[in-house]
Structures are given as structure tokens and as C-alpha cells.
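One structure is given here, and the rest of the page talks about it.
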Amino acid sequence: MNFRIESSDSQSKARAGIFTTAHGPISTPIFMPVGTAATVKAVHQRELAEDIDAPVILANTYHLYLRPGMEVLQAAGGVHRFMNWNRNILTDSGGYQVFSMAANRKLTPEGAWFSSHIDGSRHLFSPEIVVEIQRLIGSDLTMAFDECTPYPCDEKYARESMELTHSWLLRGIEHFRNTAPLYGFDQYFLPIVQGSVNRDLRKRSASFIAEQGMPANAIGGLSVGEPEELMYEMIEVVNDILPTNKPRYLMGVGTPVNILEAISRGVDMFDCVMPTRNGRNGMLFTRNGILNMKNEKWKFDFSPIDPDGSSYVDKYYSKAYLRHLIISGERLGAQIASIHNLAFYLWLMREARNHLLKGDFTEWKTKILPALTSRL
RNA sequence: GGGGAGAUACCAAAGUGGCCAACUGGGGCAGACUGUAAAUCUGUUGGCUGACGCCUUCGGAGGUUCGAAUCCUCCUCUCCCCA
């Protein structure tokens, strides 16, 4: 995938780069919209490409495995053809579901036993099985199977969880090397750093992950409830060890501020459900601040949703109209809010990148940060 | 004209002597949401107070009682059936 760093910030660890897979170039820093079930909820692929201009989206191994199932995805010729998305796709491995559906699973050295949230049926996810499934899905970027360590947890649990993830990683890499892509293009395998909020564990994990020599590296187990300062601290610890010449992917993060702070600490790739889920629930992110579209104050506000927004929906519809749609539970409200938020996130990444190339990233970041957290 | 039922907070609807400032649902208002079991969840919804608490409320007026949304009298209004 040949990551090329185009510019590095002089006042921080931030950098702008680019790498390419069979499904096109990805300029970093980048935000990847989450499309768990082979759909970014409430957003058309056409809007993702043409309006939001996302070069890569996420899908989820666990969800696609359960529904529609591997027979369908294989018969379709992989997930790109299935959903008619010919840009990049990254699949999460199901590691997050190990964490979020803890009540329905059992961890063993072999792997994780799940109860399907759809019909209750039992399934085993092992590092090998998860590689197989991601081969069948045909994602460009495939994730190692890990345990996303819960927070808070004691040192012993964090250590054992990390060691389990490491042992799973070795098996996953071996199986990845012993299998081939099914649809005629290369796939890449990303290992994941764990270690909870423990500096020593994070260092050990980052070293272990770096040694594997994978084309890109991920940081997991953060933004799971820990204080933001701890998250930033762990990112710093880990990024001091992960190779600088490969993309770094911070999984599941986050707010616009989280992302800018992580970029300045050397992270290149992000994903988060926040722009879509919070959008559906009426929360809009803009360069001027956050607004809750459900609030009464927009009831008679017929001004554009976001006069400074980069998406067509921003000037096409008014705040009062969007408020009405969201309060009424109308689907168009979720669509407009999701398009707006994703367009904003992608705009923010392009903007960060432009300032990195221009050489004034830190000044720009310092200036824009207060506005991003203010409430409108 | 005769007979019957009913009026409770924004709406609907429980409650039929003290555990009632009043169940529950809707609506309203506010909040949460970070590798999506989420178009979901939580709080709040008479007034004053930080809290204990106090004050005013169950169509209207009066009465019984230590105590009334609940019992009695009259009044006003609504709905249903028969003629």
C-alpha cells in the first residue's frame, strides 16, 4: 500500500500522507464513515462518493457474517459489488462486539463464542475464522481479531486481555499469509494495539505490534469511557513506538476535537459512529459549534442549517425544517443530518490536511478548537 | 318529553375518604450517544426552594368529616339510548 508522507508538522507529530489500494487512493488524515451492515445508515453510496467524498468506509465482519451471510457475499462477488461501492472498504473484525456484547459471549484461548443478537444462535469467532470471513467479504483493509479491553479494568485483566489479543494476532497473521484474496485484488491486514490505560502495557503492546511489520497499525481499546486526557496520553505512548512510515489508525474515535488532538499526536486514520448516530438523534457538528436540532430555539429559525457548511444539504434546508423532520421521526431528517455530519467530518480532514501541506496546522488547530466544542 | 353515563394536570386516562401534587401512555422540554444489538436511551413536565418543606389544584358553589379528586346538596356543561 506504500504510505507516503507528504508533509510533517513542525510543532506537533501531525503529518499528511497518502496510500493507495486496489480501490483508490486514501489521503490522510482521513475519517472513515461507519457502515456496519454494508450501509452507512441513512446515506446513499452515491452521496458518500459525490457529496461527502469519502475514499473509504467501514463495514463489520460480525454483522455481515450473521446477515446477509457469507453465501450471499461470496455469490455477490464481495462486498464492493454487493453494495456497489468501488472505493475502499475496511472491515472491523468483530473485536468491538467482543466488548459491546460482553453479556452474550464467552472468551476462550481459541476465540470468542457469541450468541447472535438476531436469533440467539451460537457462533465461534477465532482469529482464523475472522480472516476467512474477511477474505469472503473482500475488504481492502482487514482487522485482526482482538479483545477491545473494557474500561475500567484492573491491571491483571488488562494484561491478560492484551496477551490474548497478541496471541490471536500471531495466529491471524499466519492464517492471513496462508490464504489468498478471492476477488483478484490485494487485501491488507492491520494489527491492533491494546493495553487499556496502562502505559507499560501500551508500550509492550505497541512494540509487539510494530514487530509484526504489517503495512498499517491500529490503536484499539480507547474511547471506551476513560477520561480524554488518558486517551491522549496512551496515543502518545503508543505512537512513540509505532513506525512513523506506516499509517496509524485510531479505532472508534471520535469527536472533532478528539480527532484533531489525535492527528497532532501522529494518528492518520479514524472512524466513529458519532456523525451518523448522533446525527440521527438530532446532533449536528459544524465548524462554528454543536447544535441540538431538537431544541425549541430552532422552531422558527428558517435560516440555512449551516451557512458555512460544505454539503449541499446545508443551504438547501432550514433549521426549522430539519427540526421538524427529526422531532417527527421522519427518515429524511436522519438522512440530512447524517449527510451534513459526514460532510463536515470529511471537510475537517481535508482542511487539516491542507494546513499540514501549507505548514500552519498547529496554528489552525489552536484557532478552530474552541469553536468546535461550543454549543449553538 | 323520558331514561342513562360522565366532567381529573397540555391531551388521553387511572384513582372513588388519609399511603395523592395525583398511576400510566401520548405530547412538550432538556440531556446522553466515540472500531453501531441504537431512526435509541435517560431525566423532567402545578408554583416557590439548594434541600427539608410550604402553597394552590381533580367542572362551579356550598356542606359533612380530624381529614375530600373521592361522601351529600344545588348549579353548569358534555355524551348515549328511547319517544
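A note on names: the letters A, B, ... follow the listed sequences, proteins ahead of strands, and every chain is numbered from 1.
- Listed nucleotides B:G28, B:U34, B:U40 differ in distance to A:I327; the shortest reach to its side chain belongs to B:G28.
- Rounded to whole Å, the distance from CZ on A:F31 to P on B:U34 is 13 Å.
- The separation between A:K297 atom NZ and B:G28 atom P is 18 Å, rounded to whole Å.
- Note on A:N295: only backbone sugar-phosphate atoms sit closer than 4.0 angstrom, heavy atoms only; bases stay farther off.
- Only one option out of A:R4, A:K13, A:R248, A:R15 pairs with A:D268 in a salt bridge (Lys or Arg N to Asp or Glu O under 4.0 Å); it is A:R15.
- When both distances must be under 3.5 Å, the Watson-Crick or G-U wobble mate of B:C58 does not exist.
- Note that A:R135 lies in the cation-pi zone of A:F176, set by a 6.0 Å cut-off to the ring centre and a 45° limit from the axis.
- When the C1' atom of B:U36 is taken as reference, atom CD1 of A:I118 falls 13 Å away, rounded to whole Å.
- B:G3 sits 28 Å from B:A14 when the C1' atoms are compared, rounded to a whole Å.
- Taking atom CG of A:N341 as the reference point, atom C1' of B:U34 lies 13 Å away to the nearest angstrom.
- In this structure, A:E228 reaches the bases: a heavy-atom distance under 4.0 Å links it to at least one base atom across the strands shown.
- The partner of B:U70, taking Watson-Crick or G-U wobble pairs whose two distances both stay under 3.5 Å, does not exist in any strand shown.
- One finds a side-chain N or O of A:R277 lying less than 4.0 angstrom from the OP1 or OP2 phosphate oxygen of B:U34.
- Checked against B:G35, B:A32, B:A30, the side chain of A:K294 finds its nearest nucleotide in B:A32.
- In terms of heavy-atom proximity, A:T179 sits nearest to A:H175 at OG1-O, 2.9 Å.
- One can place NE2 of A:H117 at 16 Å from P of B:U40, the figure rounded to the nearest angstrom.
- A sub-4.0 Å separation between OP1 or OP2 of B:U40 and a side-chain N or O of A:N278 is absent.
- B:C23 and B:C11 have their P atoms separated by 16 Å, with the value rounded to a whole Å.
- Among the heavy atoms of the strands lying under 4.0 Å from A:I192 is at least one base atom, whether or not backbone atoms are also near.
- Using a 4.0 Å heavy-atom criterion, one finds that A:Q335 contacts no nucleic acid atom at all.
- Side chain of A:D271, nearest nucleotide from B:G35, B:U34, B:A30: B:G35.
- The backbone N or O of A:S318 lies less than 3.5 Å from no partner atom in the side chain of A:R323, so there is not a single donor-acceptor pair.
- Pairing for B:G25 is with B:C11, a Watson-Crick or G-U wobble pair whose two hydrogen-bonding atom distances lie under 3.5 Å.
- Of all nucleotides present, only B:U78 satisfies the Watson-Crick or G-U wobble test against B:A5, with each distance under 3.5 Å.
- Residue contacts for A:G221: at a heavy-atom cut-off of 4.0 Å it reaches a base atom on one of the strands shown.
- Within 4.0 Å of A:L66, counting heavy atoms only, lies no atom of the nucleic acid at all.
- Taking atom P in both B:U34 and B:A38, one finds a spacing of 12 Å when rounded to whole Å.
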List the steps and the verdict of ring-ring contact (aromatic ring centres under 6.0 Å, His included) for A:Y62 and A:H117. CA-CA 10 Å; A:Y62 167 82; A:H117 68 280; 5.5 Å; yes
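- Between the C1' atom of B:G31 and the CD1 atom of A:I290 lies a distance of 13 Å, rounded to the nearest Å.
- Rounded to whole Å, the C1' atom of B:G25 lies 31 Å from the corresponding atom of B:U76.
- Comparing the P positions of B:G27 and B:C77 gives an interatomic distance of 35 Å, to the nearest angstrom.
- Within the nucleic acid shown, A:R375 comes within 4.0 Å of sugar-phosphate atoms alone, with no base atom in reach, counting heavy atoms only.
- Under 4.0 Å is where a charged nitrogen must lie from a carboxylate oxygen, and between A:R87 and A:D53 at least one such pair does.
- In this structure, B:U16 forms no base pair with any nucleotide, since neither Watson-Crick nor G-U wobble geometry is met with both distances under 3.5 Å.
- The distance from atom CG of A:L284 to atom C1' of B:A32 is 16 Å, rounded to the nearest whole Å.
- Nearest heavy atoms, A:N86 versus A:H23: O-CD2, 3.3 Å.
- As a whole-Å value, the separation of A:L141 CG from B:G35 C1' is 13 Å.
- Separating the C1' atom of B:A69 from that of B:G59 is a span of 12 Å, rounded to the nearest Å.
- Comparing A:K41 and A:A334, the nucleotide of RNA chain B nearest to each residue sits closer to the 5' end for A:K41.
- Distances shown here put a side-chain N or O of A:T36 below 4.0 Å from the OP1 or OP2 atom of B:U36.
- Aromatic pair A:Y345/A:F270: ring centres not closer than 6.0 Å.
- Note on A:T276: every side-chain N or O is 4.0 Å or more away from OP1 and OP2 of B:U36.
- Here B:A30 sits opposite B:U42 as a Watson-Crick or G-U wobble pair (both hydrogen-bonding atom distances under 3.5 Å).
- When the side-chain nitrogen and oxygen atoms of A:N292 are compared with OP1 and OP2 of B:G31, one or more of them lie within a distance under 4.0 Å.
- OP1 or OP2 of B:C29 lies within a sub-4.0 Å distance of a side-chain N or O belonging to A:R323.
- B:A51 is unpaired under the criterion used here, namely a Watson-Crick or G-U wobble arrangement in which both key atom distances are under 3.5 Å.
- Rounded to a whole angstrom, the distance from the C1' atom of B:A68 to that of B:A21 is 15 Å.
- One finds no side-chain N or O of A:R280 lying less than 4.0 angstrom from the OP1 or OP2 phosphate oxygen of B:C41.
- Here A:Q97 reaches the OP1 or OP2 of B:A37: one of its side-chain N or O atoms lies under 4.0 Å away.
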- Under the side chain to side chain contact (heavy atoms under 4.5 Å, CB included) rule, what do A:D186 and A:T21 come out as? Steps first, then yes or no, please. CA-CA 8 Å; A:D186 283 339; A:T21 79; over 6 Å; no
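- Proximity of A:N60 to the phosphate of B:U36: a side-chain N or O atom is located under 4.0 Å from OP1 or OP2.
- Between B:U70 and B:U64, the distance separating the two P atoms is 15 Å to the nearest Å.
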